[in-house]
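Here's the structure we're looking at; comments come further down.
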Amino acid sequence: MTFTDLSIDQDMVDALAAKGIVEPFPIQTQTIPLALSGQDIIGQAKTGTGKTLGFGLPIAQRIGVDPSPGVKVLVVVPTRELCVQVAEDLEVATSNRATKVVSIYGGKAYEGQVEQLKAGAQIVVGTPGRLLDLAGQRLLNLKEVQEVVLDEADKMLDLGFLSDIEKIFQQVPATRHTMLFSATMPGPIVALARRFMTRPIHIRATDPDEGLTQANIKHVVYRAHSLDKDEVIARILQAEGRGKTVIFTRTKRAAAKLVEELNDRGFNAAAVHGDLNQEQRERAMAAFKAGKKDILIATDVAARGIDVNDVTHVINHTVPDDHDTYLHRAGRTGRAGKTGIAVTFVDWADMHKWALINRALDMGQPEPVETYSSSPHLFTDLDIPAGTKGRLRSAPKAAVEGGAAAPRERNPGSRGRSRTRDDDGGRSSGRPAAAPATPEADGAATPAGDSGGEGGAPRRRSRNRRRRPAGDSPSQA
DNA sequence: AAAAAAG
């Protein structure tokens, strides 16, 4: 199967091939033909399996190569960073044709964006606030839009965004082509979505037996009741074979604190959250993508859609709010057929929250089970260097920090280690270290369950399943 | 309740 087989125009096939993207993912083979024919689609596929091109190629193709000015395509996304990324992906796909892509988002000067609109861009990717802002000022005309896509659609139809989305739909023509994409589509959201669509077809590019999470992500849960999480995270970050790592915190403040803490210890971390200005946010993302920083500490602003190569670890410093957020966070790794590890710390306050997530995703009983745990089904061991495990597992803060208690070899203590890192600092940042700690090697508790995200979905256990997307080469998500 | 999204 090729993109040509899917009737994608040769110039876009060539543009993708130049980036090494030659074989379509399942969500692409399933949605592209229908999307090209104008069918409204709710497209659901797991994280990192090519949704962006799934909608990007057909919408670009449907408006044709006519370079005459006017916005014909509108893609709406929930965060500024995702806006930049999706625009870049569409630019790549359309690089051999005359149509132009512009990203419209807040925190930035109006100037450049308005100029590109005036220059006649046909494809707009934007966040709701700035889109409505410019539309209100008559600087953005949505009256000729033919194609509307909500990326991360369940988020866009969430309470925080819904009224903005309604306003946007009021401004685009009633006769249009509408598509919604996300890895998660709760039933109530699907019902709501129909208000904005015409006889949509719901496509799930997942095997019903396969469950919600990516088979190539290993999920690891860690009891953090009496641990100094920063200390433990620092140790995990020293593990061999780690590539890039994304650490999620619940609050902006926690992210700011952790980035400082880790950099003090000699790590090469950047932070992204809403308390930073847009320039700082973009600089952090660019440094992380380029490998100049190999650790990204983020709030949920980076939970969805962000596609960075060679992220081998996701660490949940704090348990996310719900199972969909867990899925999106974990999905920053294990993309495009690669493997990854998602580590979650659960402390007393988060026990209930974690239990709900665990149940919803049917994570089952992670392996291997810790026998000492009072809730054995919730916790598993951690892939960190031998010799540190036993201590890290349950050591109280004092013991972990005390020099005598610290495991010898592999943990010279964070200060000592930081010098080591500094020495090879240039290398360690740039290189995606060897292999991740082989998530495929042992019992990844691959959840089962059906119909992505729908609350009361049947649960089934299907462990150790390993299914890769048909094509390994595409790198889009 | 937090985060995000206009300024």
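Below, chains carry the letters A, B, ... as their sequence lines are ordered, and counting in each starts from 1. Not measured: the values here are computed from a predicted model.
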Subject >> Pairs satisfying ring pair (Phe, Tyr, Trp, His ring centres under 6.0 Å), at least one member in residues 127-170 of chain A, at least two apart >> reply: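 Counting only pairs at least two positions apart or across chains, the ring pair (Phe, Tyr, Trp, His ring centres under 6.0 Å) contacts touching residues 127-170 of chain A are Phe169(A)-Phe196(A).
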Original post:
Residues in ring pair (Phe, Tyr, Trp, His ring centres under 6.0 Å) with Tyr105(A), at least two apart?
Top reply: none
Original post:
Just by protein heavy atoms under 4.0 Å, how would nucleotides 1-7 of chain B read 5' to 3' in B, S and -?
Top reply: BBBSBBS
**OP:** Could you tell me how the ring of Tyr326(A) sits relative to the ring of His219(A): parallel (under 30°), tilted (30 to 60°) or perpendicular (over 60°)?
**Re:**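 Rings of Tyr326(A) and His219(A): tilted, as their planes differ by 30° to 60°.
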Original post:
Can you find a side-chain donor-acceptor pair between Gln280(A) and Arg283(A) that sits under 3.5 Å?
Top reply: no
Subject >> Min side-chain heavy-atom separation Ile201(A)-Ile42(A) under 4.5 Å >> reply: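 Ile201(A) vs Ile42(A): side chains apart.
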